[in-house]
K.L.:
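Sharing a structure, written as structure tokens. Questions coming.
Predicted model only: the values in this text are computed from it and were never measured.
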Amino acid sequence: VQLQASGGGLVQAGGSLKLSCTATARAGSTYELAWFREAPGKGREFVSMISSSGGSTAYADSVKGRFTISRDNAKNVGYLQMSNLSPADTAVYYCAANSVVRGTIPLRFPSGHVDYWGKGTQVTVSS
């Protein structure tokens with residue numbers, strides 16, 4: 001799976017941005033998607049994830065209620081709608097994917113298990 005994130009930019013505090021993650025995968029393959037972020041001087045942290053069907057989602061406590069993850073499987077695109085942004089959300093945002101393999105535990109992103117990484121997109125929130 002190849003991933004390309006886009007949609008980052010500069011926004012004022014309280015504003016919104018929508019990130020996109022375009023995936024290129026083998027026909028018939030299924031995969032879960034997630035978003036991580038890395039702020040200056042900090043490690044990469046989990047933000048949100050979504051199952052291959054889109055039926056299950058999860059969020060880090062720091063973004064719960066403000067961010068919404070979704071996906072359009074017909075277009076092979078995942079999204080992260082970010083609202084009520086604060087300067088603490090400033091970071092490079094990365095999309096990630098895990099292949100769905102029968103018999104393995106699903107949605108292991110928070111433990112750091114990632115099969116594929118995309119290049120990041122910068123989000124800067126000004127105060």
K.L.:
Taking all non-hydrogen atoms of both residues into account, name the closest pair between Ser48 and Ala58 and its distance.
P.N.:
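It is OG-O, 2.9 Å.
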K.L.:
Shortest non-hydrogen contact from Ser127 to Pro87?
P.N.:
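Closest pair (atom of Ser127, atom of Pro87, distance): CB-CG, 3.8 Å.
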K.L.:
Going from OG on Ser16 to CG on Asn84, what distance comes out if it is rounded to the nearest 0.5 angstrom?
P.N.:
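With rounding to 0.5 Å, OG (Ser16) is 8.0 Å from CG (Asn84).
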K.L.:
Flag yes if Tyr93 and Val11 sit in one hydrophobic cluster, no otherwise; membership is Ile, Leu, Val, Met, Phe, Trp, Tyr, and two members link when side-chain heavy atoms are under 4.5 Å apart.
P.N.:
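Yes: a chain of side-chain contacts under 4.5 Å links Tyr93 to Val11.
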K.L.:
Side chains of Thr90 and Gln122, heavy atoms from C-beta outward: is any pair under 4.5 Å?
P.N.:
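Contact flag for Thr90/Gln122 side chains = yes.
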K.L.:
To the closest 0.5 Å, what do you measure between OG (Ser86) and CD (Gln12)?
P.N.:
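Ser86 atom OG to Gln12 atom CD measures 13.5 Å (nearest 0.5 Å).
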K.L.:
Flag yes if Leu80 and Ile50 sit in one hydrophobic cluster, no otherwise; membership is Ile, Leu, Val, Met, Phe, Trp, Tyr, and two members link when side-chain heavy atoms are under 4.5 Å apart.
P.N.:
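Yes.
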K.L.:
Using every non-hydrogen atom in the two residues, find where Ser83 and Gln81 come nearest and quote the distance to one decimal.
P.N.:
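That would be OG-NE2, 4.0 Å.
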K.L.:
Give the cluster check for Tyr31 versus Phe109: same hydrophobic cluster or not, with ILVMFWY residues linked at side-chain heavy-atom distances below 4.5 Å.
P.N.:
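Tyr31 and Phe109: separate clusters.
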K.L.:
Do side-chain atoms of Asn76 reach the backbone of Ala25 as a donor and acceptor pair under 3.5 angstrom?
P.N.:
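Not confirmed, Asn76 side chain does not pair with Ala25 backbone.
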K.L.:
Report yes if some heavy atom in the side chain of Asp89 is under 4.5 Å from a heavy atom in the side chain of Arg37; otherwise report no.
P.N.:
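A side-chain contact under 4.5 Å exists here.
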K.L.:
Could you note down all residue pairs passing salt bridge (charged side-chain N to carboxylate O under 4.0 Å, His left out) where residues 108-119 supplies at least one of them, sequence neighbours left out?
P.N.:
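Residue pairs passing salt bridge (charged side-chain N to carboxylate O under 4.0 Å, His left out), neighbours aside: none found.
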K.L.:
Do the rings of Trp117 and Tyr94 sit parallel, tilted or perpendicular, given the 30° and 60° boundaries?
P.N.:
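Geometry flag for Tyr94 against Trp117: perpendicular rings.
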K.L.:
State which residues pass ring-ring contact (aromatic ring centres under 6.0 Å, His included) with Phe46; sequence neighbours excluded, sorted by chain then number.
P.N.:
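Applying ring-ring contact (aromatic ring centres under 6.0 Å, His included) to Phe46 gives Phe36.
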K.L.:
Is there a side-chain contact between Leu3 and Leu33, using heavy atoms and a 4.5 Å cut-off?
P.N.:
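A side-chain contact under 4.5 Å exists here.
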K.L.:
Check whether any side-chain heavy atom of Val123 lies under 4.5 Å from a side-chain heavy atom of Leu19, and answer yes or no.
P.N.:
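Yes. Closest side-chain heavy atoms under 4.5 Å.
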K.L.:
Any idea which heavy atoms bring Ala97 and Val1 closest together, and the distance?
P.N.:
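That would be CB-CG1, 4.3 Å.
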K.L.:
Hey, what do you get for OG (Ser51) to CZ (Arg71), rounding to the nearest 0.5 Å?
P.N.:
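Rounded to the nearest 0.5 Å, the OG-CZ separation comes out at 7.0 Å.
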K.L.:
So do Ser99 and Tyr116 actually touch side chain to side chain, heavy atoms under 4.5 Å?
P.N.:
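Yes; the side chains approach each other to less than 4.5 Å.
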K.L.:
Measuring from atom OG of Ser56 to atom CD1 of Ile69, what distance do you get when rounded to the nearest 0.5 angstrom?
P.N.:
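Here the interatomic distance stands at 11.5 Å.
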K.L.:
Within a strict 4.5 Å, meaning less than it, do heavy atoms of the Thr121 and Val92 side chains meet?
P.N.:
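Answer no - side chains too far apart.
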K.L.:
Within the 3.5 Å criterion, strictly below it, is a donor on Gln4 or Ser6 matched to an acceptor on the partner's side chain?
P.N.:
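No, because no side-chain N or O of Gln4 sits under 3.5 Å from a partner of the opposite role on Ser6.
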K.L.:
If I compare all heavy atoms of Trp35 with all of Cys21, which pair ends up nearest, and what's the gap?
P.N.:
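Result for this residue pair: CZ2-CB, 3.6 Å.
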K.L.:
Check whether any side-chain heavy atom of Tyr79 lies under 4.5 Å from a side-chain heavy atom of Thr68, and answer yes or no.
P.N.:
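Result no, sub-4.5 Å side-chain heavy-atom pair not found.
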K.L.:
Is it possible for you to check whether Arg66 lies under 6.0 Å from the centre of the six-membered ring of Tyr59, through NZ or CZ, and within 45° of that ring's axis?
P.N.:
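Here Arg66 fails the 6.0 Å and 45° test against Tyr59.
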K.L.:
Of the options Leu10, Leu17, Leu85, which is the one that meets Thr124 in a side chain to side chain contact (heavy atoms under 4.5 Å, CB included)?
P.N.:
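Testing Thr124 for a side chain to side chain contact (heavy atoms under 4.5 Å, CB included) against Leu10, Leu17, Leu85 leaves exactly one candidate, Leu10.
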K.L.:
Counting C-beta onward and ignoring hydrogens, is there a side-chain heavy-atom pair between Glu32 and Pro106 closer than 4.5 Å?
P.N.:
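With C-beta onward as the side chain, the pair touches.
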